[in-house]
Amino acid sequence: MERMPKEFFGKPTLELAEELLGCELIKETEEGVASGYIVETEAYIGAVDKAAHSYDYKRTKRTEVMFGEAGYAYTYVMHTHCLVNVVSGEAGEPEAILIRAVEPVQGIDLMYERRGDKKEKDLTNGPGKLTKALGIVKSDYGHLYGEPPLYIAKGFIPEDISVGPRIGIENSEEARDFPWRFWVTGNKFVSR
DNA sequence: GCTTCGATGCTCT
DNA sequence: GAGCATCGAAGCG
């Protein structure tokens, strides 16, 4: 297994969002290792994106990590769920890539334990589901991807990639139409 | 304190 | 497969 070097994350956000598809996202815990291939991502570019927490360079305790260098984890707790992003873009630019879906690879038994007795497809086909399945928690906030317990490694090369508008941001005016969602065409673990 | 953020997992069909 | 109730934390004033 080959971990991504920090330099991998040092490219434009939209480009990185596409290249993350097929990469393996790995989380190590005391219970064991769980991982999955990333099959769906969304880019958030705070400077122009009303759907982002960091819109208009709004700097808070929560968005702070997005202003830093690329390659760090931005975990965001919403309700009972936890969503995970990869910080991208130049330092000072609040940009990140939300991981929306993965395909289970390692520790599938562990995922069933965490998620309950569901179909395999339901383990990780949503942003809140995959964090629970992999055991990603709020305290992973600010962790650098590349070091255990949370990191990204090479996976597979997607045959075909689709691009389209993002999901769940209807209240974000023109930002809702930005084609900043990427997914592996035809993969059944994509959320929809 | 009140508002603001959206996904999950029911149920019903 | 569609509609709806429900859930917690952070920001802001």
Side-chain angles (χ1 to χ4, degrees), chain A residues 13 17 20-21 25 27 34-68 72-89 92-104 107-108 110-143 150 162-192:
Chain A
T13 295
L20 279 172
L21 293 175
L25 177 68
K27 174 66 195 274
S35 75
Y37 293 132
I38 297 168
V39 295
E40 185 177 359
T41 60
E42 282 181 7
Y44 284 83
I45 299 181
V48 295
D49 187 356
K50 289 182 178 163
H53 292 139
S54 53
Y55 175 61
D56 200 25
Y57 295 89
K58 190 167 65 173
R59 193 162 190 150
T60 66
K61 191 179 172 187
R62 184 166 63 175
T63 61
E64 183 66 30
V65 72
M66 283 196 273
F67 288 85
Y72 288 84
Y74 170 48
T75 53
Y76 157 41
V77 177
M78 90 159 309
H79 309 300
T80 52
H81 315 295
C82 181
L83 281 60
V84 63
N85 301 251
V86 183
V87 174
S88 62
E93 292 295 324
E95 305 179 1
I97 297 161
L98 172 66
I99 301 184
R100 289 193 56 89
V102 304
E103 174 179 341
I108 293 180
L110 192 52
M111 295 186 202
Y112 275 110
E113 274 178 43
R114 287 168 174 158
R115 298 267 312 132
D117 192 18
K118 305 275 170 55
K119 295 180 221 164
E120 185 182 29
K121 175 182 183 301
D122 290 324
L123 288 175
T124 58
N125 67 339
K129 295 178 188 179
L130 76 92
T131 55
K132 189 171 183 188
L134 296 185
I136 293 171
V137 291
K138 190 182 65 168
S139 57
D140 288 317
Y141 179 95
H143 184 85
L150 179 64
S162 298
V163 180
R166 293 172 296 172
I167 287 175
I169 54 171
E170 281 74 18
N171 299 325
S172 307
E173 302 174 35
E174 77 278 358
R176 111 186 76 157
D177 298 321
F178 295 170
W180 288 353
R181 173 170 171 255
F182 302 87
W183 69 96
V184 178
T185 307
N187 188 288
K188 66 175 180 175
F189 293 96
V190 172
S191 57
R192 63 187 70 173

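Chain naming here is simple, since letters A, B, ... match the order of the sequence lines and numbering starts at 1 in each.
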- [ ] Using heavy atoms and a sub-4.0 Å distance, could you list which residues of residues 125-138 of chain A are near DNA chain B? By number, please.
- [x] A:G126, A:P127, A:G128, A:K129
Task: A:E64 and A:Y141: CA distance, side-chain angles, deciding distance, side chain to side chain contact (heavy atoms under 4.5 Å, CB included) verdict - done: CA-CA 10 Å; A:E64 183 66 30; A:Y141 179 95; 4.0 Å; yes
Enumerate the protein-to-nucleotides 11-13 of chain B contacts in which both atoms are nitrogen or oxygen and the separation is below 3.5 Å.
none

TODO: Starting from the first five and the last five pairs of the helix from B:dG1-C:dC12 to B:dC12-C:dG1, work out the angle between the resulting helix axes, to 10 degrees.
DONE: 20°
Open item on the list: Once side chain to side chain donor-acceptor pair (under 3.5 Å) is applied, do any residues pair with A:T75, and if so which ones, sequence neighbours excluded?
Closed with: none
Open item on the list: Just N and O in the side chain of A:R115: are any of them under 4.0 Å from OP1 or OP2 of B:dT8?
Closed with: no
TODO: Go through the steps to decide whether A:H53 and A:Y74 satisfy the test side chain to side chain contact (heavy atoms under 4.5 Å, CB included), and finish with yes or no.
DONE: CA-CA 11 Å; A:H53 292 139; A:Y74 170 48; 2.8 Å; yes
Open item on the list: Restricting to side chain to side chain donor-acceptor pair (under 3.5 Å), what partner residues turn up for A:S54, sequence neighbours left out?
Closed with: none
Task: Length of the CG-P vector between A:D122 and B:dA7, whole Å - done: 16 Å
Task: Side chains of A:L25 and A:L20 in contact at under 4.5 Å (non-hydrogen atoms) - done: no
TODO: Apply salt bridge (Lys or Arg N to Asp or Glu O under 4.0 Å) to A:E95 and list each qualifying residue two or more places apart in sequence or on a separate chain.
DONE: none
Task: Atom-to-atom span, CG of A:L123 to C1' of B:dT8 - whole angstrom - done: 14 Å
Open item on the list: In this structure, how many angstroms lie between the P atom of B:dT3 and the CZ atom of A:R62, rounded?
Closed with: 17 Å
- [ ] Mind checking A:R59 for me? I need base, sugar-phosphate or nothing, with any heavy atom below 4.0 Å counting as a touch.
- [x] nothing
Task: First encountered from the 5' end of DNA chain C, between A:H79 and A:T60 - done: A:H79
Task: Separation of B:dA7 P from A:I99 CD1 (nearest whole Å) - done: 15 Å
Task: Contacts of A:A17 that satisfy side chain to side chain contact (heavy atoms under 4.5 Å, CB included) - sequence neighbours left out - done: A:T41, A:A43, A:I97, A:F182
Open item on the list: Can you list everything that forms a salt bridge (Lys or Arg N to Asp or Glu O under 4.0 Å) with A:R114? Sequence neighbours excluded, please.
Closed with: A:E31
Task: Bounds of contact between DNA chain C and chain A, in 5' to 3' order, using a heavy-atom cut-off under 4.0 Å - done: C:dC7 to C:dC12
Open item on the list: The criterion is salt bridge (Lys or Arg N to Asp or Glu O under 4.0 Å); which residues satisfy it with A:K27, sequence neighbours excluded?
Closed with: A:D140
TODO: Please state how far atom NE2 in A:H81 lies from atom C1' in B:dC5, giving the value in whole angstrom units.
DONE: 13 Å
Open item on the list: For A:L83 and A:M78: C-alpha separation, side-chain torsions, deciding distance, then whether side chain to side chain contact (heavy atoms under 4.5 Å, CB included) applies.
Closed with: CA-CA 7 Å; A:L83 281 60; A:M78 90 159 309; 4.0 Å; yes
Task: Results of side chain to side chain contact (heavy atoms under 4.5 Å, CB included) for A:Y57 - residues two or more places apart only - done: A:A47, A:F67, A:E93, A:P94
TODO: Mind checking side chain to side chain contact (heavy atoms under 4.5 Å, CB included) for A:S139 and listing every partner two or more places apart, or none if nothing turns up?
DONE: A:V137
Task: Check: A:K58 and A:T63 side chains under 4.5 Å, non-hydrogen atoms - done: no
